[in-house]
> 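Sending over a structure as structure tokens; questions will come in a sec.
Naming: A, B, ... by sequence-line order, numbering from 1 per chain. Computed from a predicted structure; not experimentally measured. Computation of the quantities below employed the complete heavy-atom set of this structure, encompassing side-chain atoms and omitting hydrogens, waters and symmetry-equivalent molecules.
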Amino acid sequence: MLTTALVAVPPWVFIGLAALATYRIGGRKIGLLTLFGLLFLWNLRLWQATVETLVLVSLSTITALVIGIPVGIWFALSRRAWRTFSPILDMMQTLPSFVYLIPALPFFGLGAVSACFATIVFSVPPVIRLTALGIRNVPTELVEASDAFGGSTTQKLFKVQLPLALPTIMAGVNQTMMLALSMVVIAAMIGAGGLGRAVWQSIQRLEAGAGFEAGIGIVILAVILDRSTQALAARARPHGAA
Amino acid sequence: MSRIVLEGISKIFGSKQVEGVELIRQGKRKAEIAAACGAVVGLCDISFDIVEGEILTLMGLSGSGKSTLLRCMNRLVEPSCGRIMVGDVDVTRLGRKDLLAFRQKTFGMVFQHFALLPNRTILSNVGFGLELKNVPAARWNEAAMQAIELVGLKGWEAKYPHELSGGMQQRAGLARALAADAEVLLMDEAFSALDPLIRRDMQSELRDLQQKLKKTIVFVSHDLDEAVALGGRIVLMKDGEVVQIGQPEEIVARPATEYVARFVEHIDRAAVMRAGQVADRSAPVLQPTLTVAEARIRIAGEGGDAWLVADDDRRFVGCLLAARLAAARPSETVASLLEASGEAVAAESRLDALLARVAAEGCVAVVDPDGRLIGGVGSRDVVRALAAHSAESQAGDHPETSILQQTAGAERWTGASRNFPSTRSATKASTGSPTMALG
Ligand SMILES: Nc1ncnc2c1ncn2[C@@H]1O[C@H](COP(=O)(O)OP(=O)(O)O)[C@@H](O)[C@H]1O
Ligand SMILES: [Mg+2]
């Protein structure tokens with residue numbers, strides 16, 4: 001549904017807006033990269049696939065963040081939760097990504113939902129881990145300062161811990177997004193559309209050229225998303241902090 | 001009036017709370033308890049009072065429990081047993097919510113590494129305590145500006161912490177504690193991260209601020225010179241226990257234990273000792289009505305560069321240089337030979353403030369608050385006072401000595417080296433002044 005809405009937007013409007021947004025976030029270089037990268041994909045007649053992939057990646061990433069950041073906060077504040085679940089996070093990251101397709105299928109059947117589910121499970125560990133790490137690495141003196149002046153747990157979290165952990169959390173967001181993108185081809189195996197399916201089909205049909213084009217498409221998206229989120233992370237860094 | 005009363009505060013770190021507290025009740029010490037059940041004792045049965053409006057320094061070597069004790073006062077560290085009264089509130093009994101409110105109202109804290117939030121401006125950092133109290137922004141801005149002016153940071157409020165030098169950052173840290181208008185300031189090694197010169201400025205400024213604002217300040221330091229500079233009582237700690245409490249000059253003059261004696265041995269004694277302690281009370285005092293001949297009889301057999309002259313009421317009149325007396329005709333009166341410059345000093349004046357005058361005038365009179373003469377400080381008295389500790393430390397031969405000297409000595413060298421030249425100048429002057437008077 002979101003995909004159809006976005007596909008309905010004329011590509012040049014979409015591309016223009018995307019380029020403007022990335023320019024505002026990360027400066028001219030990233031803006032131009034977005035502009036020419038997306039124009040190139042449009043030119044390759046991969047526009048619809050690109051939008052589908054973008055939607056899949058964005059939805060999975062956003063869901064992963066909505067789950068991952070609160071869980072990360074919980075892990076940071078509760079030593080016991082951290083000790084209990086940290087091995088599970090390790091396991092989630094070491095299992096081959098195909099494994100997540102298996103539990104998804106009986107519940108959601110073939111299609112985008114299963115693909116999203118597998119992508120989320122696969123990509124959520126970094127944001128959890130880095131949120132927890134960022135909060136734990138806030139200097140004890142700063143946390144103590146909040147306590148000493150009578151700050152409540154919530155005030156401490158929102159006024160001290162989260163703002164100071166933000167750069168690390170943003171690094172987690174970046175990694176999560178990259179992992180989500182890396183799942184698109186695998187997700188295509190259970191029916192997700194987009195650039196992933198284009199690659200998957202051309203592998204099955206031994207069409208090297210088409211596969212290569214779609215592959216380039218994924219790389220271009222990856223670079224754009226990576227650079228923009230990194231620029232966001234750099235902005236989150238407090239003044240003067242290394 | 002007591003502001004903070006600590007009663008039997010102990011702190012056991014780790015899980016052996018019950019066993020540890022029981023052993024402390026039985027009078028066991030840190031090392032014994034560690035051996036008996038493995039519990040780490042942070043504080044061991046500490047009781048003392050902090051007077052409202054005083055500046056109290058917690059002193060001791062690293063690991064002696066100073067920070068732990070300071071943090072027990074606002075319960076950043078939960079004491080394992082004991083009671084802490086602040087005013088008439090028992091802090092140890094407060095529930096979580098009341099504790100937060102009480103911290104907001106009563107305690108301001110200043111940290112060793114400043115603990116300013118790097119993502120906030122100085123203004124917003126200084127207003128942090130008030131912001132936590134949910135004071136409206138306009139009000140906390142105003143209070144924060146006042147505090148910023150008070151610590152001399154006006155014009156820097158829009159900067160970020162990293163744009164300020166260490167000394168200025170700590171001023172901001174101090175302003176944050178002042179802006180919250182807390183009654184008690186807790187300062188943990190607040191100046192230890194600063195350069196020595198800046199540090200000295202901050203110490204005297206803190207002293208001035210305290211006299212102006214009348215806050216109760218509990219200051220943690222491992223530097224005895226700093227404690228002396230702050231000018232209040234000192235609580236000396238070792239292994240989580242209090243070894244001695246008192247004014248610096250009391251501690252230097254009468255160390256309670258071997259440990260204290262070694263702790264203070266390298267201090268700049270001239271900064272600690274008071275004129276009243278050093279003054280020679282037994283030296284003969286001349287009356288202005290005496291003739292030179294009578295005076296010579298009175299001082300026969302005594303040595304010195306100058307003599308004190310006081311009337312029958314022991315009110316100080318002036319100083320008579322020994323050289324002057326020697327050169328005078330026997331029929332002259334003492335009154336006619338007096339030095340015009342000699343003005344008496346109060347008994348509580350610091351010795352280091354007198355050194356120059358002792359060197360120049362040979363003897364400085366010390367009077368009590370009523371203006372009555374206590375005695376005189378001559379160059380010999382100065383040398384004796386400053387040399388006292390080196391004789392003691394040579395005599396001491398304790399097994400702990402070497403360890404303590406390594407740890408304490410390394411930090412204390414500034415005191416000793418500052419001490420040395422002043423001793424020398426005083427000695428030189430005592431031989432120098434008579435010749436000057438003759439020539
Ligand atoms: N959280 C803690 N857990 C265990 N031991 C601690 C803890 N905090 C402090 N200690 C121990 O308590 C003692 C006193 O520490 P502290 O109060 O920091 O000393 P100081 O501030 O005088 O250097 C030290 O021996 C230290 O190892
Ligand atoms: Mg400490």
> When heavy-atom pairs shorter than 4.5 Å are enumerated against chain A, which of Q112(B), M109(B), R176(B), K97(B) gives the highest number?
R176(B)
> With rounding to the nearest 0.5 angstrom, report the OG1 to CD1 distance, T92(B) to I84(B).
6.0 Å
> If you count heavy-atom pairs under 4.5 Å with chain A, which of D188(B), L116(B), L186(B) comes out on top?
L116(B)
> Looking at K133(B), R96(B), E163(B), K105(B), which makes the most heavy-atom pairs under 4.5 Å with chain A?
R96(B)
> With respect to chain A, which residue among L117(B), L130(B), N74(B) yields the maximal number of heavy-atom pairs within a distance under 4.5 Å?
L117(B)
> Between K156(A) and chain B, with a heavy-atom cut-off of 4.5 Å, which part of the residue counts as in contact: side chain, backbone, both or neither?
neither
> Under 4.5 Å heavy-atom distance to chain B, tell me which part of T140(A) shows up: side chain, backbone, both or neither.
neither
> Can a cation-pi geometry be assigned to R171(B) and W156(B), taking NZ or CZ under 6.0 Å from the six-membered ring centre and within 45° of the ring axis?
no
> As a quick check of understanding, evaluate side-chain contact (heavy atoms from CB on, under 4.5 Å) for T53(A) and I218(A), giving each step before the final call.
CA-CA 9 Å; T53(A) 298; I218(A) 293 176; 5.6 Å; no
> Can you tell whether the side chains of R75(B) and D147(A) come within less than 4.0 Å, N to carboxylate O?
no
> Is it the backbone or the side chain of T154(A) that comes under 4.5 Å from a heavy atom of chain B, or both, or neither?
neither
> Parallel under 30°, tilted from 30 to 60°, perpendicular over 60°: which one fits the rings of Y100(A) and F122(A)?
tilted
> Which bit of F128(B) is near chain A, if near means a heavy-atom gap under 4.5 Å: side chain, backbone, both or neither?
side chain
> Is D226(A) close to M178(A) at the side-chain level, that is, under 4.5 Å between some pair of heavy atoms?
yes
